[in-house]
2 protein chains.
Amino acid sequence: MDPLVREINQYLVTIFNDVLAIEAESLRDGEFSDLSIKEMHTIEAIGMYKEHTTTEVSRKLGITVGTLTVSVNHLVKKGYVERVRSEDDRRVVKLGLTNKGRLLYRVHDKFHRDMVKETIDEMDPEEAQMLTKGLRNLYQFLEVTKQQLKKKDKK
Amino acid sequence: MDPLVREINQYLVTIFNDVLAIEAESLRDGEFSDLSIKEMHTIEAIGMYKEHTTTEVSRKLGITVGTLTVSVNHLVKKGYVERVRSEDDRRVVKLGLTNKGRLLYRVHDKFHRDMVKETIDEMDPEEAQMLTKGLRNLYQFLEVTKQQLKKKDKK
DNA sequence: AATAATACTTTGATTATCAAATTGTTTGAC
DNA sequence: GTCAAACAATTTGATAATCAAAGTATTATT
């Protein structure tokens, strides 16, 4: 087996665990310690600009709509998220962030970007491009895989 | 703000969610549907070869020792994991996989490696090296950050 | 020998998760 | 136009995941 594959795989697994652990840790000590890391990611997925429906956000997070509804209940109660019924289709709920939610989003986003920035500052621009390309490939592969799974599911 | 930073960040977040969703989905349909994705990752962290203590594995996963103990209780009951008291120091528990656990480890590992392999097959060898280098940098940055957090914690 | 430190476990409370049942709304068939 | 089917979201019940804090057993220190 290709040792490069093994190495990349190893990095991915460790990076994911590390990012999670670091995020959780800095969340616990900080200004927003009433939130779990999962709730943080839900806020991230709801996002700043476009309004997103419950179904869209749940798909983005890879959880069921029911799970998201429960989580959003908490986040509304804590004052981070707002629900707005769509005018076009009254079945649909659009999720958005409150001011407090947007503040948190910015803090978390900065954390992420600093992390990435520190990394690519070590690299010359060409290398940074390569990293991006690699990630883009991985991303595309995963999107295709996800589509295939969904199809298989319907059968 | 550097658009490359934003792009890389975006990929990382999405890749993260996608991998989780795909893993969870293929777990649900497969041979090992008595396991959750978290339990799967615990088995991954316990690993095939070296024996690891409870503390080591919990650190690797970024969860508390108590949480791991509970999880290991389930995995032992389901027949994937074994506990062995250390002879040298009888406070210490070494975690290992049963035959069933090792089988699962291989299946999951193959899934991961296939994922990575598909990605780098699209790239020429030089590009693959660059991706690796980028990931290594990110990994190292995170390890340092983790250490710093731990120190701050002790104060 | 007593005390402190360490490794793990247990407990109680909260959150995360899913599948299935339920509610309210829209679409399509007739 | 009405009614059934489809759809979006919510609620519910059960189980798993998580933490902090308290407890147990063992080893190290003084």
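Below, chains carry the letters A, B, ... as their sequence lines are ordered, and counting in each starts from 1. Only heavy atoms go into these numbers, but all of them, side chains included; no hydrogens, no water, no symmetry mates.
At the phosphate of dT18(D), OP1 or OP2 sits under 4.0 Å from a side-chain N or O atom of K38(B). OP1 or OP2 of dT9(C) sits under 4.0 Å from a side-chain N or O of R83(B). A sub-4.0 Å separation between OP1 or OP2 of dT17(C) and a side-chain N or O of S71(A) is absent. Under 4.0 angstrom from either OP1 or OP2 of dA16(C) there lies at least one side-chain N or O belonging to S36(A).
Residue whose closest nucleotide on DNA chain C sits further toward the 5' end, between R91(A) and V92(B): V92(B).
Residue E51(B) contributes atom CD, which lies 13 Å from atom P of dC8(C) at whole-angstrom precision. The separation between L68(B) atom CG and dA17(D) atom P is 11 Å, rounded to whole Å. If you measure from atom CG of L20(B) to atom P of dA16(D), you get 19 Å, rounded to the nearest angstrom. Residue R90(B) contributes atom CZ, which lies 13 Å from atom P of dT9(C) at whole-angstrom precision. Taking atom CG on L75(A) and atom P on dT14(C), their separation rounds to 17 Å, with Å as the unit. Look at CE on M40(B): it is 17 Å from C1' on dA16(D), rounded to the nearest Å. Rounded to an integer number of Å, the gap from R85(B) CZ to dC8(C) P is 8 Å. For the pair I37(B) CD1 and dT15(D) P, the interatomic distance rounds to 21 Å; values are reported in whole Å.
Here the nucleotide nearest the side chain of N73(B), chosen from dT27(D), dT10(C), dA8(D), is dT10(C). Comparing atom distances between the T54(B) side chain and each of dA6(D), dA16(C), dC8(C) picks out dC8(C) as nearest. Minimum atom distance to the side chain of V70(A) is reached by dT11(D), of the listed dA7(C), dT11(D), dA20(D). Distance from the side chain of D89(B) is smallest to dT27(D) among dT27(D), dA9(D), dC19(D). With dC7(D), dA7(C), dA9(D) as the candidates, the nucleotide lying closest to the side chain of T69(A) is dA9(D). Comparing atom distances between the T55(B) side chain and each of dC8(C), dC19(D), dA19(C) picks out dC8(C) as nearest. Among the nucleotides dT9(C), dT18(D), dT15(C), the one closest to any side-chain atom of K78(A) is dT15(C).
A tilted orientation is assigned to the rings of H108(A) and H112(A), their planes being inclined by 30° to 60°. Taking the six-membered ring where the residue is Trp, F16(A) and F16(B) present perpendicular rings, their angle passing 60° and hence far from 30°.
In summary, of the residues considered (H41(A), M40(A), M115(A)), a side chain to side chain contact (heavy atoms under 4.5 Å, CB included) with E23(A) occurs for H41(A) alone.
Between the side chains of R102(B) and N99(B), a donor-acceptor pair is found at a separation under 3.5 Å.
By the neighbour-count criterion of 12 heavy atoms within 6.0 Å, atom NZ of K133(B) is sparsely surrounded, having that number or fewer from other residues, nucleotides or ligands.
To the nearest 0.5 Å, atom CG of residue D109(B) and atom CG of residue L104(B) are 10.5 Å apart.
If you check every strand for non-hydrogen atoms under 4.0 Å, V65(B) touches a base. At a threshold of 4.0 angstrom between heavy atoms, the contacts of T67(A) include nucleobase atoms, whether or not backbone atoms are also involved.
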